[in-house]
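Below is one structure; the comments refer to it alone.
Side-chain atoms are counted along with the backbone in the values below, which use heavy atoms only and exclude waters and symmetry mates. Fair warning: this is a prediction, and the values are worked out from it, not measured in the lab. Below, chain A is the first sequence line, B the second, and so on; all start at residue 1.
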Amino acid sequence: MIAFWVLAPIMVVSAIAMVMARKAVHCALLLAVIMISLAVLYAVQNAPFLFAVQIVVYTGAVLMLFLFVLMLVGVDSSDSLVETLRGQRVTAVVLGLLFGLLVVVAISQATLGSVVGLADASEQAGGNVKGIAALLFSRYVFAFEVTSALLITAALGAMVLAHRERLTPKPTQRDMVTQRMHDYATSGIHPGALPGPGSFARHNSVDTPALLPDGTVSELSISRVMRARGTVRDVSRDRAGEREIETESRQIEEGNT
Amino acid sequence: MSLLYLIVAIPAASAAVLLLGGRLADRWGHLLGAIAPIASFVVGLVAFVQLANGTDEALTQRLFSWIDVGSFHVDFALLFDPLSAVFVLLITGVGSLIHIYSIGYMDHDERRRRFFGYLNLFVAAMLTLVLADDYLAVFLGWEGVGLASYLLIGFWQHKVSAAVAAKKAFVVNRVGDVGMALAIMLMFTTFGSTSFEGVSAGMDQATSGTATALGLLLLLAACGKSAQVPLQSWLLDAMEGPTPVSALIHAATMVTAGVYLVTRSNFIYDQTEVAQTAVVIVGLVTLLWGAVIGCAKDDIKKVLAASTMSQIGYMMLAAGIGPAGYAFAIFHLLTHGFFKANMFLGAGSVMHGMNDEIDMRRYGALRGAMPVTFATFAVGYLAIIGFPGFSGFWSKDKIIEAAFGENLLIGVGALVGAGITAFYMTRLMLMTFISERRWTKEAHPHESSLVMTVPLIVLGALSLLGGVLLFNGWIVDWLEPVVGPEEHAELPIPATMITILVFLVVLVGAAVAFVLYGRDKVASNAPARVSPFTKAARADLYGDALNEVALMRPGQYLTSSLVYADNRGVDGAVNGLAAFVGGTSGSVRRWQSGFVRSYALSMLGGSALLLLAVVAVKLA
Amino acid sequence: MMSQSTVLATVLAAASFDKPTIAYGRLSPLLVVFGIALVGVVVEAFAPRERRYVIQTALALLGLGVSLLAVIGVGLDLKTNNDGASRGSVEAMGAIAVDGPSLFIWGTLLVFSLICVLLFAERHLEGGITAFAGQAAALPGTEAEREASSRGIEHTEVFPLMMFAIGGMMLFASANDLLTMFVALEVLSLPLYLLCGLARRRRLISQESALKYFLLGAFSSAFFLYGIALVYGFAGSFRLGEIDTAVSSTVGGSSLLLAGMALMAVGLLFKVSAAPFHAWTPDVYQGAPTAVTAFMAACTKVAAFGALLRVFYVALGGVRWDWQPMMWVIAALTMAIGSVIAITQTDIKRMLAYSSIAHAGFLITGFVGAQQGIEVAGQQISSLQAVMFYLVAYGFTTIGAFAVVTVVRDAGGETTHLSRWAGLGREAPVVAGVFAFFLLAFAGIPLTSGFTSKWAVFTSAWAGGAWPLVVVAVLMSVVAAFFYVRVIVVMFFSEPVGDGPTVAVPSILTSITITVGAAMTLILGVVPQPVFDLARTAGEFIR
Amino acid sequence: MSTTPFLVLSAMLFGVGAVGVLVRRNAIVVFMCVELMLNAANLAFVTFSRQHGNFDGQIAAFFVMVVAAAEVVVGLAIIMTIFRTRRSASVDDASLLKY
């Protein structure tokens, strides 16, 4: 009883907050609150089996699936709160209130009689789980079997819509090597990795061409775009400076000896 | 007779061959198409002789059971009783002549085979309609002729107006069919049967409310099919079809189905004063309505169509009067079938000779160019205005007599109608054949070929001699088993007086027309924006002030207002309704906004309403 | 101190579990269909790609054929029950009613599915591949999609999905308790949601239709479920028979029951696309692949009406006076909305969708009459029989009509805009003629099945006292005639726009579908007797 | 304790869920709201089960969970597909089909 009066306001508030929250991920978390509270209410109402299932299946599996998809879509995605359909929100709230009111009236008008409670049934069946099992595998066995069709459909559907089959076999490393050598043979495309840009004491950036062992500039080390823009660093002066240093140092060495 | 089914089967089979045969059948299709109704006619004639000589009241043949659910049972059976017999002979006889005529008329049309296929389909459906012994089977034929008529009106697909007219005919007819469908359901739930026999047997116990409802619903159906006010608007437009179609369907046969229905349902109408009165009123209004419209049209076929409407009004009037009128309704239906088919075919012959010109203001003095057409048309003309001795004289005279017997006012109405008929038919005659030539140089009027003129001559002869059916009261005796014995009402004036009166009124009508159109020029272009009557009045009658005030103004006013009503009022009601439905559709479909949330909203709204409904019921 | 085994024994005794008895023979039609669906899934997993199409098609046809034979076998075996009005028994521990109407609906569903499988399997129109997406996961308009297309890849998973849907439909119409019915509802819906999104062409609208169908379908099944909950709250059981007992032992019906009934009606009426729960129909019918649309239009309607009739006649027959007024309004509204909005439609598939809504209205008109076999005492046809006959007649016509839609094409695939159909009568007189025939059947012209079926439901409704509704229905069928004729006028009397439509020559498969549709439309109009007899033999629902 | 408070709570949750379906644009959130409605129904089932003293209601709730799991898979697959095509999960953006 206390559990109900504690949880009921939390659930209603969570539900309303869920409808109003901007971020989808907040909605999911609020839904989790409701679901776990529901599980407790199930426990309160002599349904321990459902208590477990609600937490394991609903909160644990279903809601996690939601979160997965939310992550795929983008966790940060949030709804704009401006309503675009004219009158939609007002009408929806009015109709929702009317609807809820009518259901509540119907429920409160009903003469339900005294609550039978599940104690007898449980005792008779030898426990809640046993009772459910006995019913599930006798009275509702066909429906139970048919749910397998449902699960298979779901799996099939997920496969059809989400699984992209490879139409061509994935190339192995060997295939790639063969292809590269083939390209080199037929069109002279460089088979290996391209040389990186040059790195010098003073410059270490992509606009500096690498130097080949003979001191010439490697054309392959600079992207064509930069060349077209003319932003390639001219390394000839640097090289001239270097040569000076080289000469000097050689002279020093020679002088010293 | 076990071969009764052949009457329907032959044209049906022929239609199937022609429509499914493809190009193979192009060469001989029209011949097969023309032979089919002739063969039917022969079978019908044999059956007729058998019926006339036998002691049985009717020949029947049960073909198969169509629907058989519990005690409800619809056989597909044929009933060849005196009433059906007359119709079978009319349909196949006149139909055959029109088929033969069509061979010539449609000679140049490359889709002639298809045309004959549709014609045969129509004949088969019409024969189903009159041979059925069950309202449900009648309904089958009823829809069948509607469909065939739709196909034939729209036969010239290239004309947009034809397509529009076909659609209009179909839809207006469907409105009438609502009446028929509801009547059949009412019969079924009241009597548990829809056969003529079952309903007729059940009528004795039926309440007058049921009888009235049935009568009014059937009248609605009859109005649709027979182009009676307020569902008349489609008939004039239907003239867009080829002329043989107008002759066969929109003059001689299909449009008379309403009269057939009312006469056939005599056991219903005999139980209900209200419905009978309604039939009489519809008939009277239509006969005047059609007649007045006939005065204002320049299109030769439309004049004839308006006149058809008006003549069917006479038949409805007679049928509504009850036992005193049934036989004459059918009699007039027969003679009208002869002379109207004759005149339509004559009009077709004229159009054929005039390069499909339909405006009478472009005719004139055609009597020399087409002597045979002129002669046969003249016979038809004399018949329709009721010139003594011609077939129409006998039949119309009897109806007017019966109308006087019913009520003085109705009699006067019918009498006035006869006068107006004489007026517009004389006008047509004068403008087409007599007055000076107004056709252009390109037209080379010439007489049609033999295949077209022979049917005209035969029909002309029938128009002349159709009156013999009344000889010795034969038609009345013949139909007695179906419609019951004729009743004679007290006439306010002696019958001979009525005959003379009718003749005088007819003469006056013809004379007025002669005065207006016979002496002077007819404008070869209808003046725009002013009714043709006005123009004629302006041209001819300025001097005659008295005449103008006393006759022309009211006449003019009546004509133009009626034409207005026809174009805008009634037609407008149909069009307006269509526009209204269309407009509603256009705005309502905006609700389907494409937003899934709006759909969900409507669902929530719907469920809230459902809940509200049941909870309110519960709490109240 | 008791030993452990004694405790166990006591507990077991307390549980007293009875092994369920299941009459596999009686349920064989259902089991075959589900079994074939499972085999189909296995085939997808193991058979080489190029063989799958043939195997799946053959499997589907075979399975449906065997199932149909099983239906006939079970049908011959059914005995009339003590009440004299129904025949059959309740099977699977009370979950499924194998009675006359169930078998009739099963048979109908299977026949429709058979000719729909042919439409699914049509490969001629797209140049050697089916009309389903090659790679649903590939984005529309990308290289991957083109590659899948050019390699002739196709999703043969549609066949097992379809089989699952058929199984769900069969179960839906024969479920004897609300819980099984709910599960069946989902079993039939989920594959349909998926199938809607799998069109090869115009994938954007196809996916959109799947999304809309799914969201609204889930929404409506939530209502259905809540309704079930309330009815359970009232009766304490899900069994239709036990609900009926509870209803008849309560005077005047409880508010809980009525509210539950209204909410259940929402779910069922959604599936039959009755107003105001119809909004999904035009969008989904237009967007889905046409073969799927044909399948949905015929089979879903049959199954949903089967369930609707069963719930309302068997479980809620006792509160008929409470639901009839509500259904009156729904019927009138549905007919009006369907017929009126159809007038201004410019897309053939959309127009047919609205026509399907209008027909749902006519069917509800028959349903409202609620004339039961016992009451009419062999006099006339009962409402149930009339509605079942209508479903058969309408199904054939609508499958045929959609099949025709698949063959009228231009460069971009099917061409469904009405203006593109102008002049079809000259281009392809046979196809246009057949389509015109279907339209006339929809309009209810005699000698077509549309006439006999309309006649049957209207008279049974009239006999049930719903004559004002019949008047509305007849008026609405006039309005409906207007737009059917409009299409005929466009096809035969209008000048073609541009180079006009072309009619692709379909393979034998689609040709069979169209031929069967047209033939049955004619046969049911001329000699409806055998089907009427069958419906009468089926009798009433078992209670 | 009486069952009525539980039922009222379930009706409220159901109503809030229904409103959520109507006002939210993100398809995933819309779908979460549907799940909330199903949960509300489950609460009603469990409560009525206690009311009537039989396990049928609890079985129903169990079935609903299974069904919901399958439905979620299919639904999220469809939503993902349409998201990948349109780069948007807003239900309002999917409105090509109309009138």
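Contact count versus chain B (heavy atoms, under 4.5 Å) is highest, among L447(C), T452(C), L269(C), for L447(C). In terms of non-hydrogen atom pairs under 4.5 Å with chain B, the most contact-rich of L475(C), V470(C), V526(C) is V526(C). Residue with the most contacts toward chain C among L182(B), T190(B), L611(B): L182(B) (heavy-atom pairs, distance under 4.5 Å). Ranked by heavy-atom pairs under 4.5 Å with chain B, the first of I337(C), L211(C), V471(C) is V471(C). Comparing V266(C), V479(C), L215(C) by heavy-atom pairs within less than 4.5 Å of chain B, the highest count is held by V266(C). Per-residue heavy-atom pair counts under 4.5 Å with chain C were compared for S598(B), A181(B), A163(B), and the maximum is reached by A163(B).
Both the backbone and the side chain of L186(B) come within contact range of chain C, each with at least one heavy atom under 4.5 Å from a heavy atom of that chain. For chain C, the nearby parts of F139(B) are the backbone and the side chain; heavy atoms of each come within less than 4.5 Å. With a 4.5 Å cut-off on non-hydrogen atoms, A613(B) does not touch chain C at all. Within the 4.5 angstrom heavy-atom criterion, no atom of V430(C) approaches chain B. In this structure, chain B has a heavy atom under 4.5 Å from the side chain of F451(C), while its backbone stays farther away.
Within a 6.0 Å sphere centred on CH2 of W328(C), heavy atoms belonging to other residues, nucleotides or ligands number more than 12.
In this structure, a donor-acceptor pair under 3.5 Å is absent between the side chains of N173(B) and W142(B). Side-chain contact annotation: D283(C) with Y599(B), donor-acceptor N/O pair under 3.5 Å present.
Between F458(C) and F362(C), the angle of the ring planes goes over 60°, which puts this pair in the perpendicular group of the 30/60° scheme.
Taking the side chain as every heavy atom from C-beta outward, P528(C) and F389(C) approach each other to under 4.5 Å.
A centroid separation of 6.0 Å or more is found between the aromatic rings of F170(B) and W234(B). Separation of the F223(C) and F270(C) ring centroids does not fall under the 6.0 Å cut-off.
A cation-pi arrangement, defined by a distance under 6.0 Å to the six-membered ring centre and an angle within 45 degrees of its axis, is absent between R62(B) and F76(B).
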